[in-house]
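Only a predicted model underlies this, so the values are computations on that prediction, with no experimental measurement involved. This chain uses plain numbering: 1 for the first residue, then up along the sequence. In what follows, every heavy atom counts, from backbone to side chain, and hydrogens, waters and symmetry copies are set aside.
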Amino acid sequence: AERNSVYRADIVEEYKVAGNKFSVVGTCNSSLRTASAWLRPLSAWEDESYESDEYKRGIVYYLQGNNRIVGVLLWNMPDEDGQKEDRAITVIKSNRFYPDDSAKTAVVITDNDALVE
């Protein structure tokens, strides 16, 4: 029997696991296709050749086969005023089609996000 990890939230759910904080909006299911945007450390910000297997802060989008976002996971993303969570709810409710990798820009990562180490 196949087992899928599923997080479902009609409202924003927050979790803390192994020192990481993440917020779930919508349906985040391991059977869905994902697109993601990750921040690199400030020390590597201008290094075009930077590569890492460490994912410390970013946003993961969960898409149905029709390229519509049904879930958003905010991984260690500061969101004191709830703007990212509000934007994630709006994106999911819009039922918009995201061609190619354009889903990676659905929720904006600001310069202030990059300043947090």
Side-chain angles (χ1 to χ4, degrees):
E2 184 176 323
R3 182 180 167 158
N4 289 326
S5 296
V6 178
Y7 289 94
R8 170 91 184 133
D10 292 325
I11 58 171
V12 176
E13 298 276 341
E14 291 187 356
Y15 301 90
K16 287 188 178 182
V17 177
N20 294 295
K21 177 183 175 189
F22 61 97
S23 299
V24 175
V25 183
T27 302
C28 297
N29 181 320
S30 62
S31 69
L32 295 170
R33 190 170 62 83
T34 60
S36 60
W38 296 92
L39 289 173
R40 64 177 75 182
L42 282 176
S43 58
W45 192 250
E46 294 183 14
D47 180 1
E48 293 296 325
S49 63
Y50 175 80
E51 290 185 24
S52 176
D53 290 334
E54 292 184 28
Y55 298 99
K56 294 187 178 184
R57 280 198 339 269
I59 302 174
V60 180
Y61 304 94
Y62 290 81
L63 297 98
Q64 289 181 328
N66 60 6
N67 278 5
R68 285 176 170 69
I69 295 174
V70 295
V72 177
L73 184 139
L74 302 170
W75 187 265
N76 289 326
M77 292 298 295
D79 193 27
E80 312 315 334
D81 55 7
Q83 286 185 351
K84 286 180 191 63
E85 293 167 352
D86 290 345
R87 176 66 182 148
I89 291 166
T90 300
V91 165
I92 292 166
K93 287 183 176 180
S94 76
N95 204 29
R96 177 180 163 200
F97 172 78
Y98 286 88
D100 305 318
D101 283 341
S102 65
K104 292 180 181 182
T105 61
V107 177
V108 175
I109 298 175
T110 67
D111 289 342
N112 288 338
D113 297 326
L115 296 176
V116 179
E117 277 290 339

Next item on the list: Decide side-chain hydrogen bond (donor to acceptor under 3.5 Å, both in side chains) for Asn29 and Thr27; before the verdict, give the C-alpha distance in whole Å, the side-chain angles of both, and the deciding distance to 0.1 Å.
Entry: CA-CA 6 Å; Asn29 181 320; Thr27 302; over 6 Å; no
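- Scanning for side-chain contact (heavy atoms from CB on, under 4.5 Å) contacts around Ile92 gives Val25, Ile69, Val72, with sequence neighbours left out.
- Of all heavy-atom pairs spanning Ala103 and Ala35, the tightest one is CB-CB, 4.4 Å.
- Judged as a side-chain hydrogen bond (donor to acceptor under 3.5 Å, both in side chains), and not counting sequence neighbours, the contacts of Arg33 are Asn67.
- Remark: Asn76 pairs with Asn20 by the side-chain hydrogen bond (donor to acceptor under 3.5 Å, both in side chains) rule, at least two apart or across chains.
- Taking the side chain as every heavy atom from C-beta outward, Val24 and Tyr15 approach each other to under 4.5 Å.
- When hydrophobic clusters are built by joining Ile, Leu, Val, Met, Phe, Trp and Tyr residues whose side-chain heavy atoms come closer than 4.5 Å, directly or via intermediates, Val70 is not grouped with Phe97.
- Shown here for Ser23 and Glu14, the closest heavy-atom pair between the two residues is OG-CG, 3.5 Å.
- Of all the heavy atoms in Val60 and Tyr62, the pair that sits closest is CG1-CE1, 3.7 Å.
- Scanning for side-chain contact (heavy atoms from CB on, under 4.5 Å) contacts around Ser94 gives Arg96, with sequence neighbours left out.
- Of all heavy-atom pairs spanning Leu74 and Ile59, the tightest one is CD2-CG1, 3.7 Å.
- With sequence neighbours excluded, the residues forming a side-chain hydrogen bond (donor to acceptor under 3.5 Å, both in side chains) with Ser36 are Trp38, listed by chain and number.
- Residues that satisfy the side-chain hydrogen bond (donor to acceptor under 3.5 Å, both in side chains) test with Lys56, not counting sequence neighbours, are Glu54.
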